[in-house]
Amino acid sequence: MAKVVSVVGNRPQYVKAAPLALALAGRAEVVGVDTGQHYDPELSQVFYDELGIAPPAHRLEVGSGSHAEMTARILERIGPVLEAERPDWCVVYGDTNSTLAAVLAAAKLGVPIAHVEAGLRSFDRSMPEELNRVVADRVSDLLLCPSDEAVANLAAEGIADGVAMVGDVMADAARLFGPIAERSTALADLGLEPGGYALCTIHREANTRPPALGRLVDALSGLDVDVLLPLHPRTRAALERAGLAFGGRVRVTEPVGYLAFTALLRGASMLMTDSGGAQKEAWFHHVPCITLRERTEWVETVRAGGNVLVGDDAAAIRAAVESPPRPAAWPPLYGDGHAAERIAALLAP
Ligand code: UD1
Ligand code: UDP
């Protein structure tokens, strides 16, 4: 049986790893490694609990820090794990510092790397995630792309070997766990009516620094809709540092688990976000998306008319909220929700 080390550490990585763990069950031995980049229970443990992910065999407990500190700590701690486990594959997800450090360690040790969500590009090198993506794709052996655009991005960089268009595992997660989220009481718990509020998330590095943070606070606080904002701890800390607070009709809560978030998204009239994953989830659940960024790696949602890029510009945000992007249809843009099975077949034929 093939041995697969699956490296997670951030909120969206649990969501991506869960469908693959299910698809690999009985087919490969999955050894979980959690870097500990996210450690607050509502950013980590709740996903293990809700998505039925087995507890990790290895916890690296790296915690927060600068990019250099985090990457270095993970590198240092994951090396011995990979040496001891000697897996057939090291599977990494997305574009975080946990992804970057894991691929560097695995590549140096000659452990084959499979990159889930390969080929994504925002073409904005000022995003730390863009550097992580580029490096991960350079050193990966199996590049598991969620879209044809991702395959084309890799081709443009001269990467063709090991590239497979499998679809998006987040579509799998929406298919598998969406029905369970239907039973969530999140809306009732918060006294919300379906269609009566906009859901919002903010955590991108660029948006949690001045002047963008202040511009977003002003723009969102001035809107004429109720906004529910489950706040990422990075943004909470940034607001405190800057002495800023959301006002008007913005209601701030703690981050919520995947099932509650999915229910809140499905009940929202629109999503305002700078998240990568949430942009796609809005598409999966047919919710108009207003993206608080200048660029996105999920260009298909914009081209298809379900997503609009507004950055931190108050007038653009207000205009988008007054007339949210609503396509005539919501065709599948990222596969059929069975990407994990295709990945499992490649990892453990
Ligand atoms: C990270 C990823 C980002 C991803 C996001 C998912 C990188 C470079 N960034 O961003 O790509 O979209 O995760 O949510 O890898 N903090 C806590 N508790 C936690 C974790 C973080 O309070 O459990 C706070 C700390 O103040 C920390 C800050 O959030 O310094 C930022 O955390 P970090 O992991 O560096 O980046 P994220 O913004 O979470
Ligand atoms: N999410 C969640 N609770 C929240 C906000 C987001 O469960 O309060 C989920 C969301 O459904 C998606 C993932 O977290 O699956 C996206 O993670 P995030 O926005 O932190 O990171 P990104 O996708 O931008 O890397």
Side-chain angles (χ1 to χ4, degrees), residues 2 4 6-8 12-25 27-28 30 47 51 53 89 91-96 99 113-122 129 133 136-137 140-157 159-181 258 262 265-266 275-287 289 296-307 327 329-349:
V4 172
S6 170
V7 184
V8 294
Q13 290 171 334
Y14 303 115
V15 178
K16 294 167 196 178
L20 184 57
L22 286 173
L24 283 171
R27 208 172 168 143
V30 179
F47 294 87
L51 307 183
I53 306 170
W89 290 102
V91 179
V92 296
Y93 308 85
D95 53 20
T96 74
T99 316
I113 302 164
H115 184 202
V116 175
E117 226 177 59
L120 273 290
R121 296 290 181 270
S122 64
E129 291 82 4
R133 292 179 193 124
D137 287 339
S140 290
D141 302 274
L142 190 51
L143 297 108
L144 302 157
C145 295
S147 63
D148 293 331
E149 185 87 12
V151 175
N153 287 338
L154 292 174
E157 293 176 18
I159 303 174
D161 286 350
V163 174
M165 166 42 202
V166 291
D168 183 14
V169 287
M170 285 189 109
D172 296 30
R175 178 181 65 78
L176 291 165
F177 302 108
I180 302 171
Y258 180 78
T262 302
L265 177 59
R266 289 173 67 93
S275 162
Q279 289 176 60
K280 282 181 292 176
E281 290 172 340
W283 181 270
F284 301 149
H285 297 294
H286 304 179
V287 177
C289 185
T296 181
E297 56 284 8
W298 303 106
V299 287
E300 298 84 358
T301 58
V302 177
R303 285 193 201 125
N307 188 3
W330 303 84
L333 296 176
Y334 300 108
D336 56 3
H338 293 275
E341 286 143 57
R342 283 185 207 99
I343 296 173
L346 291 166
L347 297 176

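For Thr296, the side chain to side chain donor-acceptor pair (under 3.5 Å) partners are Gln279, not counting sequence neighbours. Partners of Val163 according to the side chain to side chain contact (heavy atoms under 4.5 Å, CB included) rule, which considers only residues two or more places apart in sequence or in another chain, are Leu143, Cys145, Val151, Leu154, Ile159. Scanning for side chain to side chain contact (heavy atoms under 4.5 Å, CB included) contacts around Val15 gives Phe47, Leu51, Met170, Ala173, Tyr258, Glu281, with sequence neighbours left out.
Remark: the backbone N or O of Tyr334 is not paired with any side-chain donor or acceptor of Asp168 at under 3.5 angstrom. A donor-acceptor pair under 3.5 Å is absent between the side-chain atoms of Trp89 and the main chain of Ser6, judged by distance alone. The main-chain N or O of Gly94 is found under 3.5 Å from a side-chain atom of His115 such that the two form a donor-acceptor pair. For the pair Asp137 (side chain) and Ala118 (backbone), a donor-acceptor distance under 3.5 Å is absent.
Side-chain contact between Phe177 and Thr262 is absent, with no heavy-atom pair separated by less than 4.5 Å. Residues Leu346 and Leu142 have side chains in contact (heavy-atom distance under 4.5 Å, counting atoms from C-beta outward). At a threshold of 4.5 Å between non-hydrogen side-chain atoms, the residues Trp283 and Pro331 count as touching. The shortest side-chain heavy-atom distance between Tyr93 and Pro12 does not fall under the 4.5 Å cut-off. Looking only at side-chain heavy atoms (C-beta outward), Arg303 and Glu149 come within less than 4.5 Å of each other.
Scanning all heavy atoms of the two residues, the minimum distance from Ala174 to Phe284 falls at CB-CD1, 3.8 Å. Pro332 and Gly335 make their closest contact through CB-O, 3.6 Å (heavy atoms, listed as atom of the first residue, atom of the second, distance). Here the shortest heavy-atom pairing between Pro19 and Asp172 reads CB-CB, 3.7 Å. In this structure, Ser147 and Glu300 approach most closely via the heavy-atom pair OG-OE2, 3.2 Å. In plain terms, the two heavy atoms of Ser275 and Gly277 that are nearest each other are OG-N, 3.2 Å. Nearest heavy atom pair, residue Glu297 against residue Gly276, reads OE2-CA, 3.9 Å.
Side-chain polar atoms of Thr99 and Glu129 form no donor-acceptor pair below 3.5 angstrom.
Atoms CD1 and CG, from Ile343 and Leu144 in turn, are 5.0 Å apart once rounded to the nearest 0.5 Å. In this structure, the separation between CG on Leu22 and CZ on Arg27 is 13.5 Å, given to the nearest 0.5 Å.
One finds a salt bridge joining Arg342 and Asp336 here, because a Lys/Arg side-chain nitrogen approaches an Asp/Glu carboxylate oxygen to under 4.0 Å. Glu157 and Arg133 are not joined by a salt bridge, as no carboxylate oxygen comes within less than 4.0 angstrom of a charged side-chain nitrogen.
Remark: of the listed residues Asp95, Val8, Val7, Val8 is the sole one forming a side-chain contact (heavy atoms from CB on, under 4.5 Å) with Gln13.
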